Amino acid sequence: MSTHNTADRIAFGYWVPNVSGGLVTSTVEQRTDWGIDYNVQLARHAEEAGFDYALSQVRYLGSYGASEQHESVSFSLALLAATTKLNVIAAVHPGLWQPGVLSNLAATASEIYDGRFALNVVSGWLKDEFRALGEPWLEHDERYRRTKEFVEVIRRLSSGEETTFRGDFYRIHDYALHPATKSPPEIFHGGSSTAARDSAAANADWFLTNGAPPEELKEQIAEVRAKAEKYGREVKVGVNAFAIVADSDEEAERRLREIVENADTAAVKDFQDSVQQAGASTKDGKGMWANSSFEDLVQYNDGFRTGLIGTPEKIRARIEELREVGVDLVLLGFLHIDEEVQRFGREVIPGVRETEAGLAEKATA
């Protein structure tokens with residue numbers, strides 16, 4: 001039985017802008033930068049602001065306006081070196097990494113950085129990346145079968161056991177990590193489809209899904225936790241969100257409309273064409289982006305749909321709704337990332353922590 005408690009502390013993370021183009025596919029001004037100096041400063045500010053996680057994106061080809069890309073794992077290690085408390089998640093693709101090699105890397109990074117290095121395993125949606133790098137492109141459910149094996153290998157090796165694994169995609173023969181990792185990396189699993197939910201439930205620590213309102217998230221969360229229970233496991237849940245904190249709801253809505261009205265239409269449509277086959281190719285049509293509108297895709301993880309747009313009070317109320325349906329982590333995107341991370345830390349997070357303290361007090365009364 002899941003032990004999720006609505007009085008638990010909700011975590012906050014942010015998307016690392018390690019690729020160019022910002023976090024919305026729009027020509028509106030974005031005061032951000034994809035370089036290392038900006039990102040080191042941002043990571044330190046996020047840590048000071050009360051953020052728990054940062055997620056480095058993985059891209060190997062330009063898409064959705066992100067024409068330049070820094071590699072996610074090496075970039076994450078640089079952010080870990082610049083901070084002392086922030087957990088940094090590197091997104092990785094099965095098929096482009098060998099899981100035993102990645103397990104070695106994660107074990108070493110964990111030892112160097114006090115267990116703060118984590119992995120976000122994403123099954124891939126951009127066929128051209130696999131083609132360009134000479135790797136076979138698998139259809140949707142096959143990608144998630146490969147991901148399930150990939151995560152199982154990492155989990156078994158990270159636990160310290162000598163591993164023999166004979167899957168359809170990976171083979172490991174009597175192999176163990178030496179030295180064994182003291183702190184196995186947290187494993188996040190991206191996806192929304194039925195195949196993603198099953199794969200995350202079987203092996204991951206976290207199920208990380210696209211933005212959605214609480215009523216939609218409730219169904220996903222219930223399903224993935226029920227699947228995890230059948231495996232004798234528990235899985236935490238993270239949701240993507242794009243935040244616009246403003247002095248009034250009207251101002252926040254005006255800023256949203258400005259982003260959407262200045263969308264880079266060609267780039268959004270290219271992205272839409274690339275990703276919406278994922279939902280169409282699933283048997284039940286539940287893939288990521290399967291029902292996303294053009295406006296939703298201007299923020300490429302459906303972040304507008306989560307509803308963190310308005311005054312600090314409105315945003316804190318929505319965060320409480322997310323907690324009530326079982327969300328453990330809100331992974332945030334912003335327009336002017338560094339300055340808005342700091343504002344979120346000043347005006348939103350402290351109020352959330354006060355509410356949590358009150359809930360905890362009631363729970364123990």
Side-chain angles (χ1 to χ4, degrees), residues 1-15 45-55 85-87 89 118 186 188 205-222 224-225 234-253 255-256 299 301-335 337-365:
M1 183 65 65
S2 172
T3 58
H4 179 82
N5 187 327
T6 57
D8 289 344
R9 181 184 185 278
I10 200 163
F12 293 101
Y14 73 93
W15 281 91
H45 287 162
E47 185 173 70
E48 292 166 4
F51 280 76
D52 307 280
Y53 291 94
L55 173 57
K85 296 181 293 183
L86 190 69
N87 298 282
I89 314 161
E186 285 190 293
F188 291 72
D205 299 298
W206 289 85
F207 172 64
L208 184 58
T209 190
N210 266 6
E215 57 272 18
E216 287 185 28
L217 293 170
K218 186 175 183 179
E219 177 269 329
Q220 286 191 51
I221 293 168
V224 77
R225 288 209 163 109
E234 293 181 6
V235 176
K236 294 183 179 180
V237 176
V239 64
N240 282 289
F242 190 85
I244 300 176
V245 185
D247 293 335
S248 68
D249 292 340
E250 292 75 19
E251 180 190 349
E253 183 63 28
R255 289 166 61 188
L256 174 61
Q299 204 294 308
N301 284 298
D302 283 350
F304 299 150
R305 299 189 68 232
T306 311
L308 300 190
I309 296 169
T311 62
E313 294 77 15
K314 181 178 179 180
I315 290 172
R316 288 196 296 268
R318 176 48 67 97
I319 290 169
E320 289 310 307
E321 293 178 36
L322 296 173
R323 182 207 307 282
E324 287 170 6
V325 298
V327 170
D328 301 288
L329 165 70
V330 182
L331 183 64
L332 293 152
F334 301 92
L335 190 64
I337 300 175
D338 192 7
E339 60 198 75
E340 293 192 30
V341 157
Q342 293 179 68
R343 182 174 184 178
F344 196 90
R346 289 191 308 269
E347 300 184 17
V348 177
I349 294 178
V352 171
R353 298 296 176 234
E354 287 177 16
T355 298
E356 289 168 348
L359 291 171
E361 189 174 334
K362 286 181 181 178
T364 58

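Note that the structure is predicted; figures quoted are calculated from it, not measured. Any value given below was found using the heavy atoms of this structure, including those in side chains, with hydrogens, waters and symmetry copies removed.
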Q) Just wondering, are more than 12 heavy atoms of other shown residues or ligands nearer than 6.0 Å to CD in Glu361? A) no
Nearest-0.5 Å distance, [atom1] of residue [X] to [atom2] of residue [Y]:
X      : Y      : atom1 : atom2 : result
Thr306 : Glu216 : OG1   : CD    : 9.5 Å
Asn240 : Asp302 : CG    : CG    : 8.5 Å
Asn301 : Trp15  : CG    : CH2   : 4.5 Å
Lys218 : Glu321 : NZ    : CD    : 11.5 Å
Glu320 : Ile315 : CD    : CD1   : 13.0 Å
His45  : Glu340 : NE2   : CD    : 14.5 Å

Q | Residue pairs passing the ring-ring contact (aromatic ring centres under 6.0 Å, His included) test where at least one lies in residues 345-365, sequence neighbours excluded | A |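 Every candidate ring-ring contact (aromatic ring centres under 6.0 Å, His included) pair involving residues 345-365 fails, so no pair, neighbours aside, qualifies.
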Report the residues that fulfil side-chain contact (heavy atoms from CB on, under 4.5 Å) with [X], sequence neighbours left out, ordered by chain and then residue number.
X      : answer
Arg346 : Gln342, Arg343
Ala243 : Leu308, Leu332, Phe334, Phe344
Glu313 : Thr311, Arg316

Q) Any salt bridge between Glu186 and Lys236, counting N to O under 4.0 Å? A) no
List the atom of [X], the atom of [Y], and the distance in Å for their closest heavy-atom pair.
X      : Y      : result
Lys314 : Asp249 : CD-OD1, 3.4 Å
Arg323 : Ile10  : NH1-N, 3.8 Å
Val327 : Leu329 : CG1-O, 3.3 Å
Ile309 : Phe304 : CD1-O, 4.2 Å
Gly326 : Ile221 : C-CD1, 4.0 Å
Gly50  : Arg353 : O-NH2, 4.4 Å

Q | Derivation of the side chain to side chain contact (heavy atoms under 4.5 Å, CB included) call for Gln220 and Val239 | A | CA-CA 11 Å; Gln220 286 191 51; Val239 64; over 6 Å; no
Compare all side-chain heavy atoms of [X] with those of [Y] and state whether any distance is below 4.5 angstrom.
X      : Y      : value
Asp328 : Trp206 : yes
Ile349 : Phe51  : yes
Arg305 : Asn210 : no
Ile89  : Leu208 : no

Q) Can you list the residues that meet the salt bridge (Lys or Arg N to Asp or Glu O under 4.0 Å) rule with Asp338, with sequence neighbours excluded? A)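 Counting only residues at least two positions away or on another chain, Asp338 forms no salt bridge (Lys or Arg N to Asp or Glu O under 4.0 Å).
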(Q) Glu47: which residues meet the salt bridge (Lys or Arg N to Asp or Glu O under 4.0 Å) condition with it, sequence neighbours left out? (A)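 Not a single residue meets the salt bridge (Lys or Arg N to Asp or Glu O under 4.0 Å) criterion with Glu47.
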Q) Sub-3.5 Å donor-acceptor pair from the side chain of Arg225 to the main-chain atoms of Val235, do we have one? A) yes
Q.
For the backbone of Leu335 and the side chain of Arg255, can you confirm whether one donor and one acceptor N or O come within less than 3.5 Å of each other?
A. no
Q. Can you name the one residue among Leu55, Asp52, Leu86 that meets side-chain contact (heavy atoms from CB on, under 4.5 Å) with Tyr14?
A. Leu86
Q. When you look at Val348 and Ile319, which way does the side chain to side chain contact (heavy atoms under 4.5 Å, CB included) test go after all the steps?
A. CA-CA 10 Å; Val348 177; Ile319 290 169; 3.8 Å; yes
